[in-house]
Number of protein chains: 2
Amino acid sequence: MADNIHPYQRLQIELADLIEKTAPGDRLPSEPLLAQQMGVSRATLREAMRAFEGQGLIRRRQGIGTFVVGRTSVIESGLEVLQSIETSADSINLKISMGDLRIHQIKADSDLAKELGVDEGSPLVRVERVILGDNRPVAYLIDILPENILTAADLDEGFNGSVLDLLLQRGSPNLLKSYTEINAVAASSEVSRALEIQRGDVMEKFIGWLYAQDGQVVDYSISYFLPGYFRFHVVRRVGSVVKSQK
Amino acid sequence: MADNIHPYQRLQIELADLIEKTAPGDRLPSEPLLAQQMGVSRATLREAMRAFEGQGLIRRRQGIGTFVVGRTSVIESGLEVLQSIETSADSINLKISMGDLRIHQIKADSDLAKELGVDEGSPLVRVERVILGDNRPVAYLIDILPENILTAADLDEGFNGSVLDLLLQRGSPNLLKSYTEINAVAASSEVSRALEIQRGDVMEKFIGWLYAQDGQVVDYSISYFLPGYFRFHVVRRVGSVVKSQK
DNA sequence: CAGTGGTCTAGACCACACG
DNA sequence: GTGTGGTCTAGACCACTGA
């Protein structure tokens, strides 16, 4: 008796069928209706839908409905080189656009002072933006810089959204490298709001420290990427040091 | 009136307090009891607990209870160099051990044949293992190799668990580099079982192709890492090509 | 306004670990 | 067996969208 499976496992098979048979962009039946059709409670249906949401196959929008997402272009990016999303997308002829852009002047709290190597209370600029691909938010990027590197006024005109591109074009300060940490995280309420996803959804998170040639941190960045829309890769050379076998 | 918050937000604050006041390793009150104490339903409590699970602060075990996890050591690893977890951990004097090790002989299906560049039906070896740190599963690693590279017999003795270390020690074939893709994913049922976590929990997933100097793929690997136990980082040089500002 | 997804409740039964 | 977390139900109300 192989009925040992849970309803959500059976549901996922039925849902996969349904999603495949539904044209991209079309709406699925409403949750109460689907739950009834499939003979489960709404909670169970939502549980089963979770997986498809995480893979980016469907998208739920409060007040409107649940939609099937078409297979969309993927932004491919090697990690060896730091380049802006705009540059990455451009190099493969992919069109993206900038959604919300917010620029604030803030003061360094103790955490930021430590990350940027400045005094607590120093003036900083916080640039926060959402990247759209296929007309939906796919990345949420936060840059924080000392105000002596970049002032809000610098961002007024001809700003494509990327702080990195702006610094590179300006040519000063001379940029050395970026140290970037990579993590998988669950979306917080704040991030899920910005990206129009569900709280707890899976995100790729980068934390980056951009160094100038004089060693100063010129940009502390926190970036969130929706899985499925990006393909990050790295070429790793084979290590020479080996732990000896016991 | 700032009561616009949801119960789970208030709950998360109360839970954070509770977790902090509880000694690492200790058990929290049972879910029904906690839910009653905090005045919510069990479903809501579990929803609020999700976040802490994702951060690795608590661990739920069916039939036993929910436990507070002590801050544990972190395996730090640069992505530029491919080295085994054993070697990474060893270089920072961190003790890890190998849990389940399973070795199977399989035949290449069409997917695997494509990834490894072999004929469909070719004999392959699948090495599957769980890494333990702090006595809990923290990584789930799958290596798949053509049988002419590695046979199950090669793994019989003096095997520390790492296929990479074994190949390096043997010295043949000569390894060139690894191409690795990085993704955030939700844990499938299979992965959640292996790592004793919840279905849907956040995981970092690596897919790697290890190349020999003759260009052959000698190892196709799929790796899952529990966030919070690893710190992956990469040093990125600054790109020279810049998308022009409009 | 009606209809959607987001959240919540108060139960229930199950699979599992342990004595 | 007892107690735990894992799953499920059948409701309910809310916040949001669009007509």
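In what follows, chains carry the letters A, B, and so on, assigned in the order in which the sequence lines appear, proteins first and then strands, with residues in each chain numbered from 1.
Along DNA chain D, the nucleotide nearest A:A43 and the nucleotide nearest B:E31 are compared for position; the residue whose nucleotide lies closer to the 5' end is B:E31.
At most 12 non-hydrogen atoms from other residues, nucleotides or ligands lie less than 6.0 angstrom from CD of A:Q36.
For the atom pair A:L45 CG and A:M38 CE, the distance stands at 7.0 Å (nearest 0.5 Å). Rounded to the nearest 0.5 Å, atoms CG (A:L34) and CZ (A:R42) are 11.0 Å apart.
Among the heavy atoms of the strands lying under 4.0 Å from A:Q198 are primed sugar atoms or P, OP1, OP2 only; no base atom is included. Nucleic acid contact class of A:R42 (heavy atoms, under 4.0 Å, all strands): base. Using a 4.0 Å heavy-atom distance criterion, A:R46 is classed as a base contact.
Under 4.0 angstrom from either OP1 or OP2 of D:dC8 there lies no side-chain N or O belonging to A:Y8. Residue A:T44 places none of its side-chain N or O atoms closer than 4.0 Å to OP1 or OP2 of D:dT7.
Distances were taken from every side-chain heavy atom of B:S30 (C-beta onward) to each of D:dT4, D:dT9, C:dG6; the shortest belongs to D:dT4. The side chain of A:V40 lies closest to D:dT9, out of D:dT7, D:dT9, C:dC8. In this structure, the nucleotide among C:dT7, D:dC8, C:dG5 sitting nearest to the side chain of A:S41 is D:dC8. Considering only the side chain of A:T66, C:dG5 comes nearest among D:dT7, C:dC8, C:dG5.
Proximity of the aromatic rings of A:F225 and A:Y140 is defined here by a centroid distance below 6.0 angstrom, and this criterion is not met. Ring centers of A:Y224 and A:F206: at least 6.0 Å apart, outside the cut-off.
For the pair B:E196 and B:R59, the salt-bridge criterion is met [side-chain N within less than 4.0 Å of a carboxylate O].
Taking atom CG of residue A:L33 and atom P of nucleotide C:dT4, one finds them 8 Å apart after rounding to whole Å. Across the protein-nucleic acid pair, B:L45 atom CG and D:dT4 atom C1' stand 13 Å apart, rounded to whole Å.
A heavy atom closer than 4.0 Å to some atom of DNA chain D occurs in B:R60, B:R61, B:Q62, B:G63, B:I64, B:G65, these being the qualifying members of residues 54-65 of chain B.
Within the structure, every pair that satisfies the salt bridge (Lys or Arg N to Asp or Glu O under 4.0 Å) test and touches residues 11-25 of chain B, not counting sequence neighbours, is listed here: B:R10-B:E14.
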